[in-house]
**Q** 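To start, I am sharing the structure in question, which I have written as structure tokens.
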Number of protein chains: 2
Amino acid sequence: MAKNKEVKNLDTSTEEKIIQAASKVFTQKGYVATRTRDIAEEAGINLALLNYYFRSKEKLFQLIMAEKLQLLFSVILPIINNDDLTLEEKVETLVENYINLLVDNPDLPLFVLGEIKANPEGFKDRLQIRKLLQNSSFIRQLRERRPNIEPVQFITSLLGMTVFPFIAKQILFADDKSFKILMEERKVLIAKWAKMILET
Amino acid sequence: MAKNKEVKNLDTSTEEKIIQAASKVFTQKGYVATRTRDIAEEAGINLALLNYYFRSKEKLFQLIMAEKLQLLFSVILPIINNDDLTLEEKVETLVENYINLLVDNPDLPLFVLGEIKANPEGFKDRLQIRKLLQNSSFIRQLRERRPNIEPVQFITSLLGMTVFPFIAKQILFADDKSFKILMEERKVLIAKWAKMILET
DNA sequence: ACATTTTTTAATCATCTGATTAAAATGTTT
DNA sequence: AAACATTTTAATCAGATGATTAAAAAATGT
């Protein structure tokens, strides 16, 4: 028998291949548009094998979605709660790290936001972002600095400037090469503009 | 026989009911997630009637999508090409009109952007936004004012600040009522912030 | 080498869904 | 009212798709 799953295929186990494939197809096409056959083909395996490893399309999707949410949270949470960072430092780090993440995962925003809209109830529990934000030192610093501005207005703008280009990529940008260059430029631009907003 | 289709049902002809229903369901759920049966039910008619009026789901979708693109363009194009408006006036009007449009059609951005991503080829011809922008007086004014900033960087930020809240609504905002209030506030905020960016 | 467990496959099922069809109902003109 | 055109419906079809099954193949332990 093969008890140690870890020892088998050191490079890419079948399970890992499926997860990789599912991650790619799901984020590219979304849940409904994705056929389990697509994932199987992408993974280079048979369809039935998918249901052997993961009981259903839904289960596999939940796994991928949890991964993606974790990825997004892991960039935001440590920063907005870090009491050692000034407001300006938080903004800089947030923009820098977020753009880095999105350059490597350009499909992430539209995927996650689309799935949330398609099935809001399924995210009710997992998405307490608002509450996590509410109690963050980031919000506290924002309120201190600009008492007359709703923190959510500033955050929406910061996120909008950062995330929107990846959502509207197809429309606004010509080719992938220049897009990446512009996104690098954008790190300093957004940080500068955000700080201006905080100063006024 | 009934030659004058217009005379029949003055309030809502069957065709109009179907279009209304399709508009609602498509923008809410997207193309693949929408079943023709959903549209029929929403319109209060039988399924076969859909294929009687519009030959197929695809045809009906194309009609709706064309409507929505037209809606979006009709807000942007007249403004960015209006030589009588200063750069600041363009920004103000653009933000004001766009938020007004999105408050009435909050599903529009995610719908259009999602469908473009799902089928980029189908939009290749219809989406010359980049070219339309390129030759606009808006771009010319931006280049004059801030020669050191790529116009697309500014435009992406302006659109991001304006459109993103409607895409991330579910995540960032608590309830619909406060959302609308904040979006009203946002008109002046974005205009102010955008003008600051242009000044520096 | 043998037995046992794990992995993989081909074939099949049941359901969903877009579309069609034939016929009934409704409306219009004469 | 009769004849004709238009509108609406119920029933059905064909293809796609998620899932299952039974059996073969491969890996592993003794």
Side-chain angles (χ1 to χ4, degrees), chain A residues 1-65 114-115 118-119 122, chain B residues 1-65 114-115 118-119 122:
Chain A
M1 72 190 99
K3 3 183 154 164
N4 293 339
K5 292 186 178 182
E6 308 79 30
V7 185
K8 289 179 307 183
N9 245 332
L10 287 171
D11 35 350
T12 42
S13 70
T14 299
E15 191 175 346
E16 189 53 34
K17 276 196 297 182
I18 295 175
I19 292 178
Q20 296 274 334
S23 174
K24 180 175 176 181
V25 181
F26 272 136
T27 50
Q28 252 174 23
K29 317 218 283 183
Y31 181 76
V32 275
T34 298
R35 296 172 308 163
T36 51
R37 283 164 172 83
D38 295 336
I39 299 175
E41 189 184 5
E42 176 74 31
I45 53 132
N46 186 284
L47 168 62
L49 194 54
L50 225 80
N51 292 306
Y52 174 79
Y53 274 95
F54 309 89
R55 296 259 312 158
S56 68
K57 178 186 180 183
E58 174 70 18
K59 286 257 175 60
L60 184 51
F61 173 76
Q62 292 300 342
L63 186 74
I64 302 297
M65 178 55 76
E115 298 303 334
N119 179 23
Chain B
M1 72 189 101
K3 4 183 152 160
N4 293 340
K5 292 186 177 181
E6 305 80 31
V7 185
K8 290 178 305 183
N9 245 332
L10 287 171
D11 37 351
T12 41
S13 70
T14 299
E15 190 176 347
E16 189 53 35
K17 277 197 298 184
I18 295 176
I19 292 178
Q20 296 274 334
S23 175
K24 180 173 175 183
V25 181
F26 273 137
T27 51
Q28 250 174 25
K29 317 216 284 185
Y31 182 76
V32 276
T34 297
R35 297 171 307 163
T36 51
R37 284 163 172 83
D38 296 336
I39 300 175
E41 189 184 4
E42 176 73 31
I45 54 134
N46 186 285
L47 167 62
L49 197 52
L50 225 81
N51 291 305
Y52 174 79
Y53 276 95
F54 309 88
R55 296 259 312 161
S56 68
K57 178 186 180 183
E58 173 71 17
K59 285 257 175 61
L60 185 51
F61 173 77
Q62 292 301 340
L63 187 75
I64 303 298
M65 178 55 78
E115 298 303 334
N119 178 24

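In the text below, chain A, chain B and the rest are named by the order of the sequence lines, each starting its count at 1.
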**Q** Does a side-chain N or O of B/Tyr52 approach OP1 or OP2 of D/dT7 to a distance below 4.0 Å, or not?
**A** yes

**Q** Would you give me the side-chain donor-acceptor pairs under 3.5 Å for residues 39-47 of chain A, sequence neighbours excluded?
**A**
| from | atom 1 | to | atom 2 | distance (Å) |
| --- | --- | --- | --- | --- |
| A/Glu42 | OE2 | A/Lys24 | NZ | 3.1 |
| A/Asn46 | OD1 | A/Ala48 | N | 2.8 |

**Q** Return the value, rounded to whole Å, for the distance between atom CD of A/Gln62 and atom C1' of D/dG18.
**A** 16 Å

**Q** Tell me the interatomic distance from A/Phe61, atom CZ, to D/dG18, atom P, rounded to whole angstroms.
**A** 13 Å

**Q** So, does A/Asn46 get its side chain near the phosphate of C/dA10, meaning an N or O under 4.0 Å from OP1 or OP2?
**A** yes

**Q** Do you know the tightest heavy-atom contact between A/Lys57 and A/Thr34?
**A** NZ-O, 2.8 Å

**Q** Quick check for you: to the nearest 0.5 Å, what is the distance between B/Ile64 atom CD1 and B/Ile18 atom CD1?
**A** 10.5 Å

**Q** Would you kindly give the CD-to-P distance between B/Glu41 and C/dC16, to the nearest whole Å?
**A** 15 Å

**Q** Would you kindly give the CD1-to-P distance between B/Ile18 and C/dG18, to the nearest whole Å?
**A** 15 Å

**Q** Any chance you could measure A/Thr36, atom OG1, to A/Leu49, atom CG, to the nearest 0.5 Å?
**A** 12.0 Å

**Q** Round to the nearest Å and state the distance from B/Arg55 atom CZ to C/dT21 atom P.
**A** 9 Å

**Q** Listing time: all N or O pairs from protein to nucleotides 15-17 of chain D that are below 3.5 Å?
**A**
| from | atom 1 | to | atom 2 | distance (Å) |
| --- | --- | --- | --- | --- |
| D/dT17 | OP2 | A/Arg35 | NH1 | 2.4 |

**Q** Describe the nucleic acid contact of A/Leu50 in one word from base, sugar-phosphate, nothing, applying a heavy-atom distance below 4.0 Å.
**A** nothing

**Q** Kindly determine whether B/Tyr31 and B/Met65 satisfy side chain to side chain contact (heavy atoms under 4.5 Å, CB included), including the steps that lead there.
**A** CA-CA 10 Å; B/Tyr31 182 76; B/Met65 178 55 78; over 6 Å; no

**Q** Just report the end-to-end axis angle for the helix from C/dA1-D/dT30 to C/dT30-D/dA1, five pairs per end, to 10 degrees.
**A** 10°

**Q** Between C1' on C/dT26 and CD1 on B/Ile45, what's the gap in Å once rounded to a whole number?
**A** 16 Å

**Q** Kindly point out which of D/dT8, D/dA19, C/dT20 is positioned nearest to the side chain of B/Asn51?
**A** C/dT20

**Q** In whole Å, what is the span from the NZ atom of A/Lys17 to the C1' atom of C/dT8?
**A** 11 Å

**Q** Give the C-alpha distance, both sets of side-chain angles, the deciding distance and a yes or no for side chain to side chain contact (heavy atoms under 4.5 Å, CB included) between A/Glu115 and A/Phe26.
**A** CA-CA 10 Å; A/Glu115 298 303 334; A/Phe26 272 136; over 6 Å; no

**Q** Could you check which of C/dT9, D/dA19, C/dT20 has an atom nearest any side-chain atom of B/Ala48?
**A** C/dT20

**Q** Between A/Leu47 (CG) and D/dT21 (C1'), how many Å, whole number?
**A** 13 Å

**Q** Among residues at least two apart in sequence or on other chains, which ones pass side-chain hydrogen bond (donor to acceptor under 3.5 Å, both in side chains) with A/Arg55?
**A** none

**Q** Of all the choices, D/dT20, D/dT8, C/dT8, which nucleotide is nearest to the side chain of A/Tyr53 once you look at every atom?
**A** C/dT8

**Q** If the condition is side-chain hydrogen bond (donor to acceptor under 3.5 Å, both in side chains), which residues does B/Thr27 pass it with, not counting sequence neighbours?
**A** none

**Q** Test of understanding: with ring pair (Phe, Tyr, Trp, His ring centres under 6.0 Å), list the residues that count as partners of A/Phe54, not counting sequence neighbours.
**A** none

